[in-house]
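Single-structure report; data block below.
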2 protein chains.
Amino acid sequence: MDLSSYHNHYRILVAVDCIIFGFDGTQLKALLIKRGFEPEKGKWSLMGGFVREDEGTDEAANRVLHQLTGMKGIYMEQLCAFGDVDRDPAGRVISIAYFALINITDYNKQLQLEHEAKWFPLSESPELIFDHQKLLLKAQERLREKVACDPIGFELLPPKFTLPRLQSLYEAIYEMPFDRRNFIKKMRSLGVLNKLNEKERGSSRKGAYYYEFNNQHYNHVYKSIKKFV
Amino acid sequence: MDLSSYHNHYRILVAVDCIIFGFDGTQLKALLIKRGFEPEKGKWSLMGGFVREDEGTDEAANRVLHQLTGMKGIYMEQLCAFGDVDRDPAGRVISIAYFALINITDYNKQLQLEHEAKWFPLSESPELIFDHQKLLLKAQERLREKVACDPIGFELLPPKFTLPRLQSLYEAIYEMPFDRRNFIKKMRSLGVLNKLNEKERGSSRKGAYYYEFNNQHYNHVYKSIKKFV
DNA sequence: TCAAAAGTGTTGCATATACACCCATGA
DNA sequence: TCATGGGTGTATATGCAACACTTTTGA
């Protein structure tokens with residue numbers, strides 16, 4: 001292994017920061033933590049950590065997510081790298097941002113307490129350290145783009161969900177109302193819904209059927225090559 | 001400046017690698033170099049360089065692009081970060097990939113010689129070092145997505161171009177033929193074409209009018225929020 | 001006069017949008 | 001019985017895809 005041409009170069013701290021999205025049935029939220037170390041200790045922040053010698057950046061992001069939520073096998077995607085010189089006033093740190101979609105009811109409350117983590121509706125997020133506000137906004141934007149092409153919204157729901165819940169989720173993501181009939185029509189055309197023979201009780205008089213997500217017969221037409229003409 | 005909580009962490013070499021696209025009138029090409037240092041010296045590679053202490057990653061990418069082409073103010077966009085542990089066998093290096101669109105007739109030939117750079121049609125690219133093939137493919141994919149939503153293809157053309165040339169470009173990007181009439185119709189609807197009172201002579205009997213790109217009245221309807229329903 | 005590329009419109013089809021009524025149930 | 005939310009279909013408009021002939025001019 002020849003490092004001769006490398007070893008004179010400047011090395012940089014590389015962090016991963018996770019934008020963790022959840023949906024409580026009404027609002028789209030992000031999980032933020034109170035930073036436990038200097039600088040900016042005690043301020044609100046995305047969950048992050050430094051990339052270690054023996055792990056890839058994807059692994060690092062998964063580790064960080066696991067540290068906070070106790071969850072594995074979560075939908076996660078790289079957003080992009082943020083590498084401005086002065087983004088962290090305490091030193092040169094490049095951050096690689098990831099966003100994750102989790103079922104909000106499904107994570108470890110104990111870990112949440114330890115990290116002083118809290119779910120914030122996106123419209124009411126507190127002031128964040130460094131450029132984390134920028135990362136959060138960019139993640140939200142990317143989520144919208146992504147959800148328009150791929151059926152990934154389901155990652156934010158429990159395994160069984162109703163159509164009204166599903167619609168609320170999409171309305172929360174896009175911050176706009178959709179027509180019920182058109183929404184369902186489009187959703188069904190994707191071919192990813194399994195209707196169950198069971199109704200949700202309590203939330204309404206009539207009760208809404210449960211569905212589950214099934215990407216076995218996902219209609220890839222929708223995913224297929226975005227072309228110009 | 002308190003570095004106390006940072007200084008024990010592992011620091012990593014961060015490189016930027018540029019996927020430089022050009023269009024010669026027929027084919028979409030990428031500018032590749034013969035690597036001038038170990039490891040893998042003499043093999044084909046993307047143009048890259050290490051991020052320095054005093055520069056952001058965007059700046060680094062622009063510097064690297066300038067080193068090879070002599071060009072500034074070029075369209076460039078971050079692709080994503082590649083951070084697998086073993087992507088570079090000679091050491092831990094994280095690469096942040098950028099792609100650039102340049103007017104192929106417009107760069108410094110002298111620098112090209114010094115770097116032993118060569119334009120390769122994407123379908124005939126040589127074996128590349130490390131994971132550079134992956135970066136190149138991903139850049140091509142991203143270019144297609146991007147071109148479908150934003151009028152950035154013009155960055156690959158000279159200031160004056162004809163409609164047939166423009167169509168050839170899009171056909172090269174998507175590797176499929178388009179219908180002339182539909183293509184022009186769509187292109188005009190973007191509102192970014194200025195017809196000039198001058199014809200290109202020589203390439204055909206009839207001659208084709210020159211156009212120039214003008215995003216003053218770009219119809220942002222096309223860019224506007226991709227929503228689900 | 002002919003060959004080769006440039007330029008231009010219309011029609012059918014598919015998809016998206018807009019919209020209103022009935023159903024089931026618990027209180 | 002009524003108030004609340006759940007469920008469904010149709011008619012219109014819009015955008016997309018398919019398609020063929022005329023024009024210009026250099027050889």
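No hydrogens, no waters, no symmetry mates; every other heavy atom, side chains included, goes into these values. Per chain, numbering begins at 1; letters A, B, ... match sequence-line order.
In this model, a donor atom of one side chain and an acceptor atom of the other lie less than 3.5 Å apart for Tyr75(B) and Glu77(B). A side-chain donor from one of Tyr98(A) and Asp58(A) sits under 3.5 Å from a side-chain acceptor of the other.
Salt-bridge annotation for Arg35(B) and Glu116(B): absent, with no side-chain N of the basic residue lying under 4.0 Å from a carboxylate O of the acidic one. The pair Arg144(B)-Glu175(B) meets the salt-bridge criterion, since a charged nitrogen lies less than 4.0 angstrom from a carboxylate oxygen. Using a cutoff of 4.0 Å between basic side-chain nitrogens and carboxylate oxygens, Glu55(B) and Arg63(B) are scored as salt-bridged.
Ring geometry for Phe183(B) versus Phe178(B): interplanar angle under 30°, hence parallel rather than tilted (30 to 60°). Relative ring orientation between Phe154(B) and Phe161(B) is described as tilted, the plane-to-plane angle lying within the 30° to 60° band.
Between Phe23(A) and Trp119(A), the distance separating the two ring centers is not shorter than 6.0 angstrom.
Overall, the helix from dT1(C)-dA27(D) to dA27(C)-dT1(D) carries an axis bend of 10° between its ends, with five pairs at each end and the value rounded to 10°.
dG7(D) atom C1' lies 17 Å from atom OH of Tyr210(A), rounded to whole Å. Between the NZ atom of Lys186(B) and the P atom of dA18(D) there is a distance of 14 Å, given to the nearest Å. Look at CG on Asp179(A): it is 11 Å from C1' on dT8(D), rounded to the nearest Å. Computed from coordinates, the Phe183(A) CZ to dG9(D) P distance equals 18 Å when rounded to whole Å. Spacing between atom CG of Leu190(A) and atom C1' of dT15(C) amounts to 14 Å, rounded to whole angstrom units. Put simply, CZ on Arg201(B) is 11 Å from P on dT24(D), counting in whole angstrom units.
The side-chain heavy atoms of Phe21(B) and Leu122(B), taken from C-beta on, include a pair separated by under 4.5 Å.
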Exercise for review: Might you work through the side-chain contact (heavy atoms from CB on, under 4.5 Å) test for Tyr209(A) and Thr162(A), ending with a clear yes or no?
Suggested key: CA-CA 6 Å; Tyr209(A) 281 104; Thr162(A) 64; over 6 Å; no
Below 3.5 Å is the cut-off: list the nitrogen or oxygen pairs between protein and nucleotides 5-8 of chain C, distance only.
{"residue": "dA6(C)", "atom": "N3", "partner": "Lys206(B)", "partner atom": "NZ", "Å": "3.3"}
{"residue": "dG7(C)", "atom": "OP1", "partner": "Tyr209(B)", "partner atom": "N", "Å": "3.0"}
{"residue": "dG7(C)", "atom": "N7", "partner": "Arg180(B)", "partner atom": "NE", "Å": "3.4"}
{"residue": "dG7(C)", "atom": "N7", "partner": "Arg180(B)", "partner atom": "NH2", "Å": "3.2"}
{"residue": "dG7(C)", "atom": "O6", "partner": "Arg180(B)", "partner atom": "NH2", "Å": "2.4"}
{"residue": "dT8(C)", "atom": "OP2", "partner": "Arg188(B)", "partner atom": "NH2", "Å": "2.9"}

Under 3.5 Å between N/O atoms: give me all the protein pairs with nucleotides 10-13 of chain D, atom names plus distance.
{"residue": "dT10(D)", "atom": "O4", "partner": "Lys185(A)", "partner atom": "NZ", "Å": "2.9"}

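When all heavy atoms of Pro177(B) and Glu171(B) are compared, the closest pair comes out as CA-OE2, 3.5 Å.
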